[in-house]
Amino acid sequence: MKLTYEILENGYKIKNNGKDWIVQLEPCIPDKTKSYEDNAKAQIEEILNPPTPEPNEIDVLKEEVLNTQLALTEVYEMLLGGAQ
């Protein structure tokens with residue numbers, strides 16, 4: 001993946017390997033306090049280096065997945081008439 005950008009009159013484009021990929025136009029510019037160029041650079045940086053979740057967030061997500069799986073198992077058993 002090679003990301004570049006092109007500044008437009010009313011926003012910017014992010015290109016992936018030379019092809020238009022993301023278009024950000026007014027009024028949907030992520031950070032209105034920055035220039036179009038600074039926004040494009042920041043968005044490319046975020047795509048290439050996404051934030052890593054804190055370990056605690058991962059534990060919470062794992063627990064939520066487990067709870068969802070348990071709830072689905074209960075629903076399935078109820079539908080089969082097995083759990084009462």
Side-chain angles (χ1 to χ4, degrees):
M1 177 182 331
K2 181 178 182 210
L3 300 181
T4 57
Y5 62 89
E6 176 185 341
I7 303 302
L8 306 172
E9 184 177 310
N10 61 341
Y12 61 91
K13 290 181 190 178
I14 293 178
K15 298 181 176 203
N16 186 354
N17 295 318
K19 295 182 181 178
D20 291 353
W21 186 40
I22 299 171
V23 179
Q24 294 285 22
L25 302 175
E26 291 292 351
C28 300
I29 301 301
D31 186 343
K32 299 211 185 283
T33 66
K34 296 180 181 177
S35 69
Y36 295 152
E37 183 174 19
D38 288 344
N39 271 282
K41 288 178 180 179
Q43 191 166 6
I44 288 172
E45 179 66 25
E46 187 175 319
I47 292 166
L48 294 176
N49 301 300
T52 304
E54 295 294 322
N56 189 25
E57 290 180 66
I58 292 172
D59 293 339
V60 169
L61 291 173
K62 284 180 182 178
E63 185 174 346
E64 288 176 2
V65 168
L66 178 61
N67 289 338
T68 301
Q69 290 171 331
L70 291 171
L72 288 171
T73 300
E74 287 181 30
V75 169
Y76 177 74
E77 288 176 349
M78 289 174 54
L79 290 172
L80 293 178
Q84 304 202 9

request  = Please examine the side chains of Val23 and Leu25, heavy atoms only from C-beta on, and report whether any two atoms are closer than 4.5 Å.
outcome  = yes
Main-chain N/O of Ser35 paired with Asn39 side-chain donor or acceptor, under 3.5 Å = yes
key: Heavy-atom side-chain proximity of Ile22 to Ile47 below 4.5 angstrom   = yes
task = Any salt bridge (charged side-chain N to carboxylate O under 4.0 Å, His left out) involving residues 58-69? Give me the pairs, sequence neighbours left out, ordered by first then second residue.
result = none
ask   = Would you say Lys41 and Tyr36 make side-chain contact, with heavy atoms under 4.5 Å?
value = no
query = What residues join Leu70 in its hydrophobic cluster, counting side-chain heavy atom gaps under 4.5 Å, either direct or through other members?
reply = Leu66
Show which side-chain atoms of residues 4-15 pair as donor or acceptor with protein atoms under 3.5 Å away, not counting sequence neighbours.
residue, atom, partner, partner atom, Å
Tyr5, OH, Glu37, OE2, 2.6
Glu6, OE1, Lys15, NZ, 3.0
Tyr12, OH, Gln43, OE1, 2.5
Lys13, NZ, Asp20, OD2, 3.1

request  = For residues Pro27 and Lys32, report the shortest heavy-atom separation together with the two atoms involved.
outcome  = O-NZ, 2.6 Å
message = Can you confirm whether more than 12 heavy atoms, excluding those of Glu46, are under 6.0 Å from its CD atom?
response = no
query = Counting only N and O atoms by type, is there a donor-acceptor contact under 3.5 Å from the side chain of Asn17 to the main-chain atoms of Met1?
reply = no
query = Among Thr73, Val75, Leu79, Leu80, which residue meets the side-chain contact (heavy atoms from CB on, under 4.5 Å) test with Glu77?
reply = Thr73
